[in-house]
Structure formats: C-alpha cells, structure tokens
Amino acid sequence: AQSVAQPEDQVNVAEGNPLTVKCTYSVSGNPYLFWYVQYPNRGLQFLLKYITGDNLVKGSYGFEAEFNKSQTSFHLKKPSALVSDSALYFCAVRDTRGSTLGRLYFGRGTQLTVWP
Amino acid sequence: GAVVSQHPSWVICKSGTSVKIECRSLDFQATTMFWYRQFPKQSLMLMATSNEGSKATYEQGVEKDKFLINHASLTLSTLTVTSAHPEDSSFYICSASLDSYNEQFFGPGTRLTVL
C-alpha cells in the first residue's frame with residue numbers, strides 16, 4: 001500500500017532562513033509524489049510533483065523538493081523563507097495502478113510558521 | 001492552470017436537514033472527481049471517488065446513504081449530506097481530474113456547520 005509520513009507537526013523558522021519540511025514515502029512501484037499547501041479555510045494548492053527525471057524538482061513560489069530514492073524521502077525546501085509561506089503543507093503519493101489508480105494518499109500535514 | 005470551484009463556500013443548517021455541495025471544473029472536463037473531508041488541523045480523508053456516469057466508490061466507513069454523490073456531467077459533481085447532524089460539521093473539499101492518470105485539482109472547500 002502507498003503511504004507518506006510527515007514526521008513533524010510543526011516547523012518554525014525565521015524569515016530569511018532556509019526551511020525544510022520533511023516527507024518520507026512507502027510505495028509499491030514507482031513513486032508519484034506531490035506537495036500541496038493549504039491556507040486557512042482554503043482548498044489545497046499544488047506546489048510541485050515528482051514523476052520521473054531529475055531528483056531536484058522546482059515548483060511554485062520558490063519551493064523545491066529533492067527526491068531521494070535510497071532514503072525514500074521527498075523533503076520540501078526553500079532557500080529563504082517568507083512570512084507569507086506560513087501555512088499547512090501536505091505531502092502526498094499517488095496510486096499508479098489497480099482499482100485505486102489516481103487516488104492520493106496524504107501525510108498528516110506540517111504547519112509551517114515563519115517568524116518576522 | 002485548471003480551476004475547480006465549490007458552492008457554497010460555507011453553509012449553516014439545522015440538524016435533520018439536507019445540504020447539497022456542488023463541485024465544478026471550470027475549464028476542463030473531469031472524468032473523475034474526489035470528495036474529501038477535513039477536520040481542524042488534520043489531514044484530508046478521502047470519502048469517495050466518482051466517475052462521470054457511474055456510481056461513486058465509497059471508502060470504508062463512509063455511509064453511502066448519508067453522503068450522496070452524483071457525477072452526472074463532466075464538469076459537475078454534487079455531494080448531498082442527508083439528515084445532517086452536528087457531527088457532520090466539517091470542511092469538505094472536492095478535487096477533479098481529467099482521468100485517473102492525471103493530477104487532481106482542488107476546489108476551495110466548503111465549511112459545513114450543523115446546529
């Protein structure tokens with residue numbers, strides 16, 4: 001079965017510092033991995049995805065993520081955090097076969113707070 | 001990018017009434033739509049997957065008679081919460097996809113409060 005784990009409920013960083021939000025995955029087959037961001041009382045916004053190709057994936061708003069097969073990780077990163085990056089971040093993996101093709105499995109979410 | 005809308009964005013209703021939530025794909029045809037439920041500061045819980053023109057597939061533990069899903073066209077899916085009770089109060093989010101092979105695009109969510 002597909003699953004992702006986000007080990008941190010909360011990440012706090014100062015504005016201007018680099019940030020990392022962690023995600024590890026467990027999949028059968030090739031991983032299709034995603035990061036989404038959610039602002040209060042809003043739906044999810046797509047940030048980036050890894051399907052195949054370069055291990056470093058660049059996404060929206062200056063975010064990037066590094067796919068590491070040996071460590072089964074897909075950590076979200078940004079070189080310089082902004083206060084406006086404060087939000088809830090979800091890592092997800094997608095089923096790529098079988099009757100549940102296309103289904104997303106979400107991590108529990110990590111609340112990112114960037115202090116001015 | 002693909003846009004998905006939900007209506008209403010919030011609704012307050014009395015216990016025992018039914019509430020319908022609409023999910024529309026505005027600029028693409030969505031063969032597959034998903035309905036999620038989210039409790040405060042928690043992850044999304046998939047309730048059901050609907051494919052246009054066929055019956056929805058419900059996740060284990062989700063009552064199909066309580067949460068009625070209709071996906072009658074390629075741009076519209078509806079979720080009806082029947083005989084709503086306070087424990088049904090939650091944030092409901094839909095997503096839409098061209099098909100099972102493509103990524104999901106999420107709606108802005110609907111906040112349901114049952115008094």
Side-chain angles (χ1 to χ4, degrees), chain A residues 1-11 21 23 25 29-52 57 59-61 86-113, chain B residues 1-11 21 23-26 30-52 54 56-60 89-113:
Chain A
Q2 322 287 51
S3 67
V4 292
Q6 293 179 245
E8 302 157 318
D9 287 336
Q10 181 97 24
V11 170
V21 183
C23 173
Y25 65 89
N30 294 321
Y32 281 30
L33 296 161
F34 299 79
W35 275 103
Y36 290 89
V37 59
Q38 185 181 33
Y39 295 95
N41 295 309
R42 301 292 295 276
L44 272 65
Q45 294 180 33
F46 169 78
L47 280 180
L48 50 80
K49 66 181 177 183
Y50 173 84
I51 305 294
T52 186
V57 179
S60 307
Y61 313 119
S86 299
L88 189 57
Y89 289 80
F90 289 100
C91 181
V93 62
R94 191 172 85 192
D95 255 334
T96 56
R97 54 190 179 190
S99 61
T100 53
L101 175 68
R103 174 181 172 170
L104 284 172
Y105 297 84
F106 287 91
R108 62 181 181 178
T110 299
Q111 179 66 47
L112 171 68
T113 302
Chain B
V3 180
V4 176
S5 69
Q6 278 183 245
H7 179 80
S9 55
W10 60 270
V11 56
I21 302 170
C23 177
R24 293 182 185 272
S25 56
L26 298 184
T31 303
T32 307
M33 288 187 171
F34 301 83
W35 286 96
Y36 297 86
R37 183 173 180 177
Q38 185 181 30
F39 291 103
K41 297 190 178 182
Q42 292 191 28
S43 190
L44 280 71
M45 181 191 79
L46 180 65
M47 299 174 67
T49 303
S50 73
N51 290 295
E52 186 266 339
S54 60
T57 302
Y58 289 81
E59 295 299 302
Q60 194 171 10
S89 298
S90 192
F91 194 53
Y92 292 87
I93 302 175
C94 74
S95 70
S97 179
L98 281 168
D99 53 45
S100 297
Y101 297 93
N102 284 274
E103 65 187 275
Q104 296 179 31
F105 298 95
F106 287 81
T110 296
R111 172 74 58 194
L112 170 64
T113 302

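Reminder, nothing fancy here: chain letters follow the sequence lines and each chain counts from 1.
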Checklist entry - Is there side-chain contact between A:Phe106 and B:Gln38, with at least one heavy-atom pair below 4.5 Å? => result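 No, their side chains stay 4.5 Å or more apart.
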Next on the checklist: Is there a side-chain contact between A:Leu104 and B:Phe106 in this structure, where contact means two heavy atoms from C-beta onward sitting under 4.5 Å apart?
Outcome noted: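 The answer is yes, as the side chains (C-beta and beyond) meet within the 4.5 Å cut-off.
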Checklist entry - What distance separates B:Ser97 OG from A:Arg103 CZ, expressed to the nearest 0.5 Å? => result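 So the gap between those two atoms works out to 14.5 Å.
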Next on the checklist: To the closest 0.5 Å, what do you measure between CZ (A:Phe34) and CD (B:Glu103)?
Outcome noted: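 Separation between the atoms: 6.0 Å.
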Item to check | Heavy-atom pairs under 4.5 Å with chain B, option from A:Leu44, A:Asp9, A:Leu88 with the top count | outcome: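 That would be A:Leu44.
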Checklist entry - B:Leu46, B:Thr49, B:Thr57: which one forms the most heavy-atom pairs within less than 4.5 Å of chain A? => result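 Between B:Leu46, B:Thr49, B:Thr57, the count favours B:Leu46.
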Next on the checklist: Within the supplied structure, the quantity of interest is the number of heavy atoms (other residues, nucleotides, ligands) at a distance under 6.0 Å from A:Arg42 CZ; does it exceed 12?
Outcome noted: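 Atom CZ in A:Arg42 is not crowded, with 12 or fewer foreign heavy atoms closer than 6.0 Å.
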Next on the checklist: Is A:Tyr39 in contact with chain B via its backbone, its side chain, both, or neither, using a 4.5 Å heavy-atom distance?
Outcome noted: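 For A:Tyr39, no heavy atom lies under 4.5 Å from chain B.
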Checklist entry - How close do A:Gln38 and B:Phe91 get, heavy atom to heavy atom, and via which atoms? => result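 Smallest heavy-atom distance, with atoms named: NE2-CE2, 3.8 Å.
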Item to check | Least distance between heavy atoms, B:Ser43 atom then A:Gly107 atom | outcome: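 Smallest interatomic distance, heavy atoms only, reads OG-O, 2.6 Å.
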Item to check | Partners meeting salt bridge (charged side-chain N to carboxylate O under 4.0 Å, His left out) with B:Arg24 (sequence neighbours left out) | outcome: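 Counting only residues at least two positions away or on another chain, B:Arg24 forms a salt bridge (charged side-chain N to carboxylate O under 4.0 Å, His left out) with B:Glu22.
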Item to check | Toward chain A, the part of B:Gln104 with a non-hydrogen atom under 4.5 Å | outcome: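 Contact with chain A is through both the backbone and side chain of B:Gln104.
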